[in-house]
Amino acid sequence: MDNLQLLGVQTQRVLQRRMETAANNLANVSTAGFKADALLTEVDSRRPARSQDAPRDVRFVRDVGLSRDFSQGSITRTGEAFDVAIQGEGFFLVSDPQQGTLYTRDGGFRLDAAGQLVTKDGRNVLNAGGAPIVFDPQGERPSITADGSIQIAGTEVGRIGLVNFANPGGLEKVGDNLFSAAGQPTSNFEGAAVQGALEGSNVNAVIELTRVIEISRAYESAARIVKNGDDLRQRTIERFGRA
Amino acid sequence: MRSLAIAATGMQAQQLNVEVISNNIANMNTTGFKRQRAEFQDLLYQNLERPGTSTSSAGTMSPNGIQIGVGVKAGAIGRVTEQGSLARTDNPTDLAISGRGYFQVSMPDGTTAYTRDGNLAIDAEGRIVTSDGFPLEPAITVPNEALSVSISRDGVVEAQIQGQADPQQLGQIELAAFVNPAGLEAQGENLFLETAASGSPNVSTPTSPGFGSLIQGFVETSNVNAVEEISALIIAQRAYEMNAKVITASDEMLQAANNVR
């Protein structure tokens, strides 16, 4: 196969991945605390495609990584005492039996039968010291202040763990609205916790949808390149075959 | 082509969302109804290139990696236990709970169900029953010769009997509270059952610490907010269409790939 087709195929491969990323963003347009992904592509400098006679270098496109958009999702009021949204940067701490401490922006918490604060799939939400948060089942409904302090009748009874990361882009998504981190978080939380509200997904549906259309058309163009390359070769064979 | 399957999970999720919203709207006028909300979570991610993979012999590494998510799933359908507004009915056997707690109802099979629906009535035997005829627990019987029944904020039921100056005390209504009321299992007919997630009930008289009070002649209306639900419906419908659009676009891509040869 010659360059034209290899280039076309590689472009199609990258476009397909971009499509998958956009599809996942759109599928999660109603997921609380979801952060949109975008596939980063670059011109591959390490593996130049061969071009002996062309005036310019021909290079492959390559997907190098993800850029994760950590911008604020819209905050909607829910009226539930244990719904907490983060305004600004920061994450809640969640403990997972297998994976240790994980991080989330989805503050749709609730109490389990033992009075512990848990996520919607039952994982413990941790306090600033890394221990589960337990409420007195018969007690009054607590109020949660902007810095995560849990207060009942004006006295602090605990503090929701809120952390920050120097490079949130390095966090890995593990599903269930959770992130895992390779490094340690910093405790200088600069956002604000909002009780009775949830942060929605930060996916911008219009942009994602335009991207879907653009990717689909670009894919068609790439397919046409492959086809043109094929036609060209066929004609070459015919012509030389006749001679 | 993973994007076809990814968009399909998105469409399923939005369909569930519309189902939950339509049930809320259908129960807009159901006494004591608590609205539900569908909560979503992203599915697992496929790590095509882990963050920290080396990208050159000089020791540089990929700061972000490449993760492709495979869509969305319903994490939970939560019940929002926010107080509904109280509507005046002037019916002496209508009771609204202002604050925490559930009425206890004895079911025909001997179990106890819980409800916030205070549309009560007196049956042929004089018992205080729900609109389906299930008696309250503890049972309270109103004598035939009672002229009127009054129920205090803390649940004491008294009747004015003809020919007696002082009202006669008939019984005490008790409420059950749960650690996690959102974990109760809805049974239909405005009734809920205890589950492992809700915790066991804590029974006490109204107005004791951690319990709401009773208001006679009122009912608690549904806490569904029509405007909120309709706007959520519009958002869900558009999100469904967007995911359908992804399927169309992915289909066109596959078609283009097929047309190569």
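Chain naming here is simple, since letters A, B, ... match the order of the sequence lines and numbering starts at 1 in each.
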Novice: Considering non-hydrogen atoms only, spot the tightest contact between B:A249 and A:V212 and give its length.
Specialist: CB-CG1, 3.4 Å

Novice: Show the numbers, then the answer: is there a side-chain contact (heavy atoms from CB on, under 4.5 Å) between B:Y45 and A:L66?
Specialist: CA-CA 12 Å; B:Y45 283 77; A:L66 278 179; over 6 Å; no

Novice: Between A:K227 and B:N259, is there a side-chain heavy-atom distance shorter than 4.5 Å?
Specialist: no

Novice: Is the shortest side-chain heavy-atom distance between B:K245 and A:L26 below 4.5 Å?
Specialist: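 With C-beta onward as the side chain, the pair stays apart.
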
Novice: Where does B:A236 contact chain A at under 4.5 Å (heavy atoms): side chain, backbone, both or neither?
Specialist: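 No part of it gets close to chain A.
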
Novice: Could you check whether A:R110 pairs with B:E39 (Lys NZ or Arg NE/NH1/NH2 to Asp/Glu carboxylate O, under 4.0 Å)?
Specialist: yes

Novice: Is A:V174 close to B:L44 at the side-chain level, that is, under 4.5 Å between some pair of heavy atoms?
Specialist: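 A side-chain contact under 4.5 Å is absent here.
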
Novice: Step by step, would you call A:M19 with B:R2 a side-chain contact (heavy atoms from CB on, under 4.5 Å)?
Specialist: CA-CA 9 Å; A:M19 187 66 165; B:R2 264 174 297 214; over 6 Å; no

Novice: Minimum heavy-atom separation for A:Y219 to B:A257, with atom names?
Specialist: OH-CB, 3.7 Å

Novice: For residues B:N47 and A:E172, determine if any side-chain heavy atom of one lies less than 4.5 Å from a side-chain heavy atom of the other.
Specialist: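 B:N47 vs A:E172: side chains touch.
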
Novice: Can you find a pair of side-chain heavy atoms, one from B:I68 and one from A:T21, that are under 4.5 Å apart?
Specialist: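 Sidechains of A:T21 and B:I68: in contact.
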
Novice: Non-hydrogen atoms of chain B under 4.5 Å away: do they reach the side chain of A:R17, the backbone, both or neither?
Specialist: both

Novice: Considering heavy atoms only, which positions within residues 95-104 of chain A lie below 4.5 Å of chain B?
Specialist: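 So no residue qualifies.
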
Novice: B:R79 versus chain A, heavy atoms under 4.5 Å apart: side chain, backbone, both or neither?
Specialist: backbone

Novice: Please find the pair of heavy atoms, one from A:A27 and one from B:G71, that lie closest to each other, and give the distance.
Specialist: CB-CA, 4.3 Å

Novice: May I ask you to check whether A:D37 and B:Q67 show a side-chain donor-acceptor distance below 3.5 Å?
Specialist: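 Side-chain D/A pair, A:D37 to B:Q67: absent.
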
Novice: Taking the side chain as C-beta and beyond, is there a heavy-atom pair between A:E20 and B:I6 under 4.5 Å?
Specialist: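 Touching, per the 4.5 Å side-chain cut-off.
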
Novice: Among A:N28, A:V29, A:N24, which residue satisfies the side chain to side chain contact (heavy atoms under 4.5 Å, CB included) criterion with B:V72?
Specialist: A:N28

Novice: Run the salt-bridge test on B:R37 and A:D83 with the 4.0 Å N-O cut-off and return the result as yes or no.
Specialist: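 A:D83 and B:R37: salt-bridged.
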
Novice: Please answer whether the main-chain N or O of A:A113 pairs with a side-chain N or O of B:N180 as donor and acceptor at a distance below 3.5 Å.
Specialist: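 Flag not set: sc B:N180 to bb A:A113 has no pair under 3.5 Å.
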
Novice: How long is the span from the CG atom in A:D176 to the CG atom in B:L43, to the nearest 0.5 Å?
Specialist: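 Spacing of CG (A:D176) from CG (B:L43) equals 8.0 Å.
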
Novice: Could you tell me whether B:E82 and A:R77 have a side-chain N and a carboxylate O separated by less than 4.0 Å?
Specialist: yes

Novice: Tell me yes or no: between the side chains of A:T31 and B:Q41, is some donor less than 3.5 Å from an acceptor?
Specialist: no

Novice: Nearest 0.5 Å please: distance from the CD atom of B:E252 over to the CD atom of A:E220.
Specialist: 5.5 Å

